[in-house]
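Before any comments, here is the structure.
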Amino acid sequence: MTETPVIRIRDLHKQFGSKVVLNGVDLDVKAGESMVIIGGSGTGKSVLLKCILGILVPERGSIEIDGENIIGMNRQDRKEILKKFGMLFQGAALFDSLPVWENVTFGLLAQKKVKRSEAKSVAIETLRRVGLEADVAGLNPSELSGGMQKRVGLARAIANKPEIIFFDEPTTGLDPIMADVINDLIVECVKEVGATALSITHDMASVRKIADRVAMLYKGKIIWSGPCDEIDQSDNEFVDQFINGRAEGPIHMELLKA
Amino acid sequence: MLLGLPVNRAFEHMNFLGIIGRVTLQFLAAAGRLGLFTAHAIIGIFSPPFYFRDLGKQMLAIGYYSLPVVGLTALFTGAALALNIYVGGSRFNAESVLPTIVVIGMVRELGPVLAGLIVAGRVSAAMAAELGTMRVTEQIDALVTLSTDPFKYLVTPRIVATTIMMPFLVIVADTIGVFGGFVIATDKLGFNPGIYVEKTVEFLEKIDVIASLTKAAVFGFILSLMGCYHGYNSKGGAQGVGVATTNAVVSACILILLSDYFITEMFFSS
Ligand SMILES: Nc1ncnc2c1ncn2[C@@H]1O[C@H](COP(=O)(O)OP(=O)(O)O)[C@@H](O)[C@H]1O
Ligand SMILES: [Mg+2]
């Protein structure tokens, strides 16, 4: 049986000026699975997510969400599609002019799914799911530590029960213990809302914890993808070098040549 | 030798033309981007959703909190204007024109321009820095993922709020400026208060007030547009936000002075 993947990307190209960032990306993410994209800094992982969200417009290729190509789609339809998504940004990207509770329920309020008078209690409920106490709700994002900001960002991403959740380097900048806590929360929340997850990271501990499948982005292409438990036997020297974090290897040599 | 010039001179020549071409293209591209941004902002005023809560917040931040600086500036400018006209006018025994010139100078020109420049320093800078920070910390991208059009949510309320509030600020500036002149004239220069007020009212025409308010609204639109445009399009971290803020204030000030001339000509040049 072949079911349509939730996200199906074919031959995606994106460049900034003369700088080619994505050079023919192909990727399938199936319903309910947790896909993790790995790759070095600046390889275009965030750009890929932003293309899927329509924040950036690719030059070429197709992106299908539940079988619908979203490239060139009109604003209204795209807005409908976007309601399926939740995203945790790299720096959490909380709105610092708003208190935590308004951050968490921002999407719900925008879609008029909750009334303003009820929003705070909904926020507190969602915050509890990411392990934060009710008194955090009234604080400003600037009063929170990095780990707490990530949790609030996670709460905001899951608040409207999205079908697809993106995580952009969820553990970068956190200490190893907090990173592990966030990884657990991600696994838990994704299961709880039954979502499809697409994460990007260069933290291998995080990969092993949250991934069902892994894809490696290198030089604008997906050079390897497979189940997470096969990553150690990938027979791909780029993947091997990356997951073992070695300075020596094909990736380094390519850099020298460039 | 190339075209009769030494080779290096010839290249210098071509390089110069190249620079002109590149600068022209960049200018046209920037003008086009600004034009699109402006059109987008204006469309946003008329199409839902409307963010009245944010509009109210902005109106308070821009209008109410600019009152002290605008008021102080106007007060001292009015006072200094009165003093200058008195000294200048007394050479021709024409001190009696003082109230007329103060009121016309303040209302037609100094009130709106000074308020515009002061508010540009305060508000354009704040808008550019705030939106610029939101851009580089991905908060603007986050809005997209939360079913919100960042343009309508961030840019439109700011521009509408500033365009509405500037006329009120300018009425205050005009009034306080005239009052500053009045205080100096009656307190230091021996004018009779009753006659001063009479002359002020007598010579102030409706068109002066209309011009003043028109300038105020136009300046408000310009300075908020510049703040939002530079902030919204800023890139490259903290330094980029700094550049955006500087560009916002400088371009707002230049455009205010430029449009001031054209509005003045439109109203009073016949
Ligand atoms: N809006 C943009 N304008 C120009 N270049 C960009 C933009 N966004 C990203 N880039 C460039 O694309 C490359 C990939 O960026 P990114 O996707 O953020 O990398 P990462 O894989 O670390 O997430 C970087 O070299 C970056 O400079
Ligand atoms: Mg990134």
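Letters A, B, ... mirror the listed sequences (proteins, then strands); counts begin at 1. Atom set for the values below is all heavy atoms of this structure, side chains included, hydrogens, waters and symmetry mates excluded. Just so we're clear, the structure is a prediction, and the values are computed from it rather than from any experiment.
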B/Tyr153 portion near chain A, given a 4.5 angstrom heavy-atom threshold: side chain
Gap separating the CD atom of B/Gln139 from the CG atom of A/Asp96, nearest 0.5 angstrom: 4.5 Å
A/Phe16, CZ atom: more than 12 neighbouring heavy atoms under 6.0 Å: yes
Proximity breakdown for A/Leu98 and chain B, heavy-atom pairs closer than 4.5 Å: side chain
Option that, when pairs with chain B are counted at under 4.5 Å, heavy atom only, ranks first among A/Arg116, A/Arg156, A/Gln111: A/Arg116
Engaged part of B/Ile140 at the chain A interface, taking heavy atoms whose separation is under 4.5 Å: neither
Which atoms of B/Thr145 approach chain A - backbone, side chain, both or neither, heavy atom under 4.5 Å: both
Chain B contact via A/Glu80 - which portion, at a heavy-atom distance below 4.5 Å: neither
Heavy-atom side-chain contact between A/Leu53 and B/Val144 under 4.5 Å: no
Greater than 12 external heavy atoms within 6.0 Å of B/Phe168's CZ: no
Test log, rule salt bridge (charged side-chain N to carboxylate O under 4.0 Å, His left out), inputs B/Asp149 and A/Lys79: CA-CA 9 Å; B/Asp149 179 343; A/Lys79 226 176 143 186; over 6 Å; no
Contacting region of A/Asn160 [heavy-atom separation from chain B under 4.5 Å]: neither
Check: B/Glu138 and A/Met87 side chains under 4.5 Å, non-hydrogen atoms: no
Pick from A/Phe89, A/Phe85, A/Phe166 with the largest number of heavy-atom pairs that fall under 4.5 Å of chain B: A/Phe89
More than 12 heavy atoms of other groups within 6.0 Å of A/Lys84 NZ: yes
Test log, rule side-chain contact (heavy atoms from CB on, under 4.5 Å), inputs A/Lys50 and B/Asp141: CA-CA 8 Å; A/Lys50 284 175 190 173; B/Asp141 294 337; 3.4 Å; yes
Where B/Ser147 and A/Ala110 come nearest, the two heavy atoms and their spacing: O-CB, 3.9 Å
Proximal component of A/Leu94, with respect to chain B [non-hydrogen, under 4.5 Å]: backbone
